Participant: 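My questions all concern the structure below.
In this chain, residues are counted from 1 in sequence order. All heavy atoms count here, side chains included; hydrogens, waters and symmetry mates do not. This structure is a prediction, so every number in the text was calculated from the model and none was measured.
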Amino acid sequence: MPAKNETTNNRKAYLYNAGDYSYFSYGDITITFYTGKNLQQYTAIKEWDAGYLVVTCRNKSNPQTEIEDYIDLVPILENLYFKPDKFLAPIKEVELDYDGRGTENCC
């Protein structure tokens, strides 16, 4: 039987941004998508619902104010020929990752 932490980590995905792109990592897969020049940094993940994220972030145009934003991974995954239901089903939690935990397979 796997250790509790191992089971939890296997169900955790990571989100972060760098430059004009955001990265969503789960297991050995990192999905990169364009988020635009205005995004400065994600500050919190408020909700995760099987591919739909509610996040707060700061934009370069107004860095003192956190705003709520939404990310729908399903159409991104479909455009990459993933089966969203199969890929997203085991993910129970998404965490911000600006420390490199979920970036081993990125970039």
Side-chain angles (χ1 to χ4, degrees):
M1 177 180 240
K4 185 175 182 180
N5 288 345
E6 186 178 318
T7 302
T8 302
N9 288 339
N10 288 341
R11 294 173 174 229
K12 188 181 295 185
Y14 299 95
L15 176 71
Y16 68 100
N17 71 295
D20 297 349
Y21 294 90
S22 287
Y23 302 89
F24 183 86
S25 295
Y26 177 67
D28 61 351
I29 296 172
T30 298
I31 296 166
T32 304
F33 52 98
Y34 183 73
T35 47
K37 297 181 183 304
N38 198 32
L39 177 63
Q40 181 178 21
Q41 186 174 37
Y42 296 112
T43 56
I45 296 175
K46 296 176 76 174
E47 183 179 334
W48 164 252
D49 184 14
Y52 187 77
L53 285 156
V54 179
V55 300
T56 55
C57 59
R58 288 192 175 103
N59 286 327
K60 293 174 186 172
S61 61
N62 191 2
Q64 295 80 19
T65 304
E66 289 188 357
I67 61 167
E68 189 170 275
D69 205 354
Y70 311 93
I71 301 168
D72 189 354
L73 292 172
V74 173
I76 295 168
L77 292 166
E78 289 172 340
N79 285 337
L80 295 170
Y81 300 101
F82 277 75
K83 294 180 180 176
D85 292 341
K86 184 177 179 180
F87 178 76
L88 298 169
I91 301 171
K92 302 302 178 203
E93 180 182 0
V94 179
E95 187 175 289
L96 292 178
D97 181 22
Y98 289 100
D99 298 323
R101 289 180 299 258
T103 60
E104 300 86 20
N105 300 302
C106 171
C107 315

Participant: List the atom of I71, the atom of L15, and the distance in Å for their closest heavy-atom pair.
Facilitator: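 Looks like CD1-CD2, 4.1 Å.
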
Participant: For the atom pair CG (N62) and CD (Q64), what is the distance rounded to the nearest 0.5 Å?
Facilitator: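 Output value for this atom pair is 6.0 Å.
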
Participant: Take atom OH in Y21; do more than 12 heavy atoms of anything else shown fall under 6.0 Å from it?
Facilitator: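 Counting other residues, nucleotides and ligands, OH of Y21 stays at 12 neighbours or fewer.
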
Participant: So, taking the atom named CG in N38 and the one named CG in D20, what distance separates them when rounded to the nearest 0.5 Å?
Facilitator: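 Taking CG in N38 and CG in D20, the distance rounds to 10.0 Å.
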
Participant: Name all residues meeting the salt bridge (charged side-chain N to carboxylate O under 4.0 Å, His left out) criterion together with E47; count only those two or more places apart in sequence or in a different chain, and write none if there are none.
Facilitator: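 E47: no salt bridge (charged side-chain N to carboxylate O under 4.0 Å, His left out) contacts found.
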
Participant: Which label fits F87 and Y26: parallel for a plane angle under 30°, tilted from 30 to 60°, or perpendicular past 60°?
Facilitator: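 Answer is perpendicular, since the angle exceeds 60°.
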
Participant: If you round to the nearest 0.5 Å, how far is CG of L73 from CZ of F24?
Facilitator: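 Answer rounded to 0.5 Å: 5.0 Å.
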
Participant: Would you mind telling me which of I76, V74, D72 makes a side-chain contact (heavy atoms from CB on, under 4.5 Å) with P84?
Facilitator: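 Filter result, single survivor: V74.
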
Participant: Could you give the side-chain donor-acceptor pairs of residues 50-57 under 3.5 Å, partners two or more places apart or in another chain?
Facilitator:
unit_1: T56; atom_1: OG1; unit_2: T43; atom_2: OG1; d: 2.8
unit_1: T56; atom_1: OG1; unit_2: A44; atom_2: N; d: 3.3

Participant: Could you tell me if the side chain of Y98 sits less than 4.5 Å from the side chain of Y42, heavy atoms only?
Facilitator: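 The answer is yes, as the side chains (C-beta and beyond) meet within the 4.5 Å cut-off.
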
Participant: According to salt bridge (charged side-chain N to carboxylate O under 4.0 Å, His left out), who are the partners of D69, at least two apart in sequence or on a separate chain?
Facilitator: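 So D69 forms no salt bridge (charged side-chain N to carboxylate O under 4.0 Å, His left out) with any residue.
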
Participant: List the atom of P63, the atom of S61, and the distance in Å for their closest heavy-atom pair.
Facilitator: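 So the minimum-distance heavy-atom pair works out to CD-C, 3.8 Å.
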
Participant: Does a side-chain heavy-atom distance below 4.5 Å link L77 with N79?
Facilitator: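 Of all side-chain heavy-atom pairs linking N79 with L77, none is under 4.5 Å.
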
Participant: For K60, give me all partners under salt bridge (charged side-chain N to carboxylate O under 4.0 Å, His left out), at least two apart in sequence or on another chain.
Facilitator: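 Here no residue qualifies.
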
Participant: Rounded to the nearest 0.5 Å, what's the gap from OG1 on T65 to CZ on R58? Could you check?
Facilitator: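 Rounded to the nearest 0.5 Å, the OG1-CZ separation comes to 9.0 Å.
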
Participant: Could I get the full list of salt bridge (charged side-chain N to carboxylate O under 4.0 Å, His left out) partners for E78, not counting sequence neighbours?
Facilitator: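 Here no residue qualifies.
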
Participant: Linking directly or through intermediates, with side-chain heavy atoms under 4.5 Å: list the remaining ILVMFWY members grouped with I67, chain and number order.
Facilitator: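 Result for I67 is none, singleton.
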
Participant: Would you say the side chain of L88 lies within less than 4.5 Å of the side chain of W48, judging by non-hydrogen atoms?
Facilitator: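 Yes, side chains in contact.
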
